[in-house]
Chemist: 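Got a structure for you, questions after.
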2 protein chains.
Amino acid sequence: MGWGNFTFRKMGEKVVISLADCFQGYHFLNPVSIDRLEQISEKLNCKRNSVLIRQDKIQKDIYFLASGLARVYYETADRQITLDFVSPGGTLISMNSYVHDTPGYENIDLLEDSIVYKIDQKKLFTLYESDIAIANWGRKMAELEFIKAEQRTMSKLFNTAQERYAELLEKYPQYIQRIKLGYIASYLGVSQVTLSRIRANIL
Amino acid sequence: MGWGNFTFRKMGEKVVISLADCFQGYHFLNPVSIDRLEQISEKLNCKRNSVLIRQDKIQKDIYFLASGLARVYYETADRQITLDFVSPGGTLISMNSYVHDTPGYENIDLLEDSIVYKIDQKKLFTLYESDIAIANWGRKMAELEFIKAEQRTMSKLFNTAQERYAELLEKYPQYIQRIKLGYIASYLGVSQVTLSRIRANIL
DNA sequence: TAATATTTTTAACAAATGTTAAAAATATTC
DNA sequence: GAATATTTTTAACATTTGTTAAAAATATTA
C-alpha cells in the first residue's frame, strides 16, 4: 500500500505502472519468477467509485494499482477513518484477509478510473511453497508494507495535523486537489471543520 | 516494585517460553529448520532496565522474549510514546533496522529481568536464500507482525482511552500493576493526568 | 523504622478541537 | 447556462484534554 515510489510525469498525464514494476518495487525478481506471478494475475479496468475490498467480506486476493487512485479506510457504525491513499505502483491488500482467510478491517475504494492487477492468493500461496525467490519476494512485500504502515503511524503520533497537511500538499499536490476534504481530514485525524481552519491559516 | 513483584512471586508464575515455541508461534516449522535457526541464536540473561534496541543505533538482529517484560517506545526531543508492551513469546524487532540495515524508530527496554534469544540477522538472511521453509517462516513473521501492529492502530483509532485501559486491565492484570502509569498513559495516547481521571472514574 | 525519593492523584485554569447549523463556493446534471 | 446537488467555509458554543503545580500515596534506602 502507500503512495508509490514512482516519479510522476507531467501534470495531467496519466501514470501507468507495469505489473512487473509493481513486483520489482518490493524486491528484485528473476524473469522466470516474474512470469510465474504474471500467470496468476488478471488485469481489470475499474470505474471510479468501484469497491475493491470490503471489511465485511473475505478478500484474500492482492491487487496492484497500475493507474488511478485508491483510498483505504476503516469504518464503524458512526465513523469512517481514512488510513491511506494509494497511487500507481502501490499494493491494495487486506492483510488480515490475505493471511487468515477471514474478513479484514479495511475497505478499499477507487477514487478514479483505475487499472488494477488481481493476484490469486491461493495460487500465490502454492508458488510460495515451490519457488524460493517468490517466497522471499512475498516476505519482502510484508516487511516493506509493515515499514510503510509504521511510518504512517509515526507521522500521526509525532506530527501535528497542520504539519501533515503541509507534507501532503508538498508531496502530492496533483492528488490532494482531487480528494474530498472529509477524506483528508479523517486521514489527518481531525474533523473537517478543523482542516478548514488549518487551510485558512496556511493559505 | 514492591506490591506487584510480591504478587507475582506469590503466584509463582514466571512464564518461560522455549525458543522453538517462539518460532512456532508464527508458523509450523520442521525440526531440521528449527535446528538451523537455533544454531544462529544466542541466549541472553538481561537485567531489568536493560536497553535492547535504541532508535539511534543500527540494530539488525531480532530478539525473542522467553521470559520477562519489554516496552517498545518512540522518542523525540520532547516526548516519548509507548507503542507496545511485549510479554513472553513475543518478538522484539526494529523492522526498519532489520530490513534496511539503518537506524529504526523504536527503543526497546526491558521492564523486568528477562531471558531473550538473539538471532543473528545476517545469518538469518543467508538461511532465507537456501531454506524455503525458513523463507516462508520469515514471511509469516512479517505478515503476522503487520497484523498485530494493525490491530494496535485500529484499537487506538476506534476505542477510547478508557475502553483501551479496561482492555489492558483485563488482558494483562499481572503486568499492568507493575508498569508506571506514565508509560501506560502514553500507550493509551493521553496524558498521565487524564489516565488518573479515567482510573478515578472506573474504580 | 525513619528519612528520602518516586509515583500518583487532585485542583485550577487555559487552549484546542469537536459539534451543529447556516452560508458560501464549487461541481454536476439536464 | 440555469437549476440542483455537493462540498467547503465560517460562526457560536460546549466539551474535552493538556498544563502546571501542589498534595497525597507509595516505594526505596539507610
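Chain identifiers are assigned alphabetically (A, B, ...) following the order of the sequence lines, protein sequences preceding nucleic acid strands; residue numbering begins at 1 within each chain. No experiment lies behind these values; they were computed from the predicted model shown.
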Chemist: Which nucleotide sits closest to the side chain of A/L181: C/dT8, D/dT19, D/dT9?
Modeler: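 My answer, after comparing the listed nucleotides, is D/dT9.
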Chemist: Rounded to whole Å, please give me the gap between OH in A/Y183 and P in D/dT8.
Modeler: 10 Å
Chemist: In terms of relative ring orientation, are B/Y98 and B/F125 parallel, tilted or perpendicular, with 30° and 60° separating the classes?
Modeler: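 The rings of B/Y98 and B/F125 stand perpendicular, inter-plane angle above 60°.
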Chemist: If only side-chain N and O atoms of B/T194 are considered, is one of them under 4.0 Å from the OP1 or OP2 phosphate oxygen of D/dG18?
Modeler: yes
Chemist: In whole Å, I'd like the distance from the CZ atom of B/R197 to the P atom of C/dT10.
Modeler: 11 Å
Chemist: Rounded to whole angstroms, how far apart are CD on B/Q192 and C1' on D/dT26?
Modeler: 14 Å
Chemist: Are OP1 or OP2 of C/dT9 and a side-chain N or O of B/R199 less than 4.0 angstrom apart?
Modeler: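 Indeed, a polar side-chain atom of B/R199 lies that close.
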Chemist: I need the CZ-P distance between A/R178 and D/dT7, as an integer number of Å.
Modeler: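 Spelled out: CZ on A/R178 to P on D/dT7 is 16 Å.
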Chemist: Less than 4.0 Å between a side-chain N and a carboxylate O, is that true for A/E167 and A/R164?
Modeler: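 Salt bridge flag = no for A/E167 with A/R164.
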Chemist: Whether B/D113 and B/R48 form a salt bridge (side-chain N of Lys/Arg under 4.0 Å from carboxylate O of Asp/Glu) is what I want to check.
Modeler: no
Chemist: Specify the separation, in whole Å, of atom CG of A/L111 and atom P of D/dT7.
Modeler: 12 Å
Chemist: Determine which nucleotide pairs with D/dA11, using a 3.5 Å limit on both distances of a Watson-Crick or G-U wobble pair.
Modeler: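 Base partner found: C/dT20.
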Chemist: Rounded to whole angstrom units, what separation is found between the CD atom of A/Q177 and the C1' atom of D/dT8?
Modeler: 15 Å
Chemist: Would you indicate which nucleotide in C/dG18, D/dA11, C/dT9 comes nearest to any side-chain atom of A/V193?
Modeler: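 Of all the options, the side chain of A/V193 is nearest to D/dA11.
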Chemist: Please name all residues satisfying side chain to side chain donor-acceptor pair (under 3.5 Å) with A/N45, sequence neighbours left out, ordered by chain then number.
Modeler: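 A/N45 satisfies side chain to side chain donor-acceptor pair (under 3.5 Å) with no residue once adjacent residues are dropped.
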Chemist: Tell me: CD1 of B/I179 to C1' of C/dT8, nearest whole Å?
Modeler: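 For the pair B/I179 CD1 and C/dT8 C1', the rounded distance is 16 Å.
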Chemist: Quick one: A/I198 CD1 to D/dT10 C1', roughly how many Å, whole number?
Modeler: 15 Å
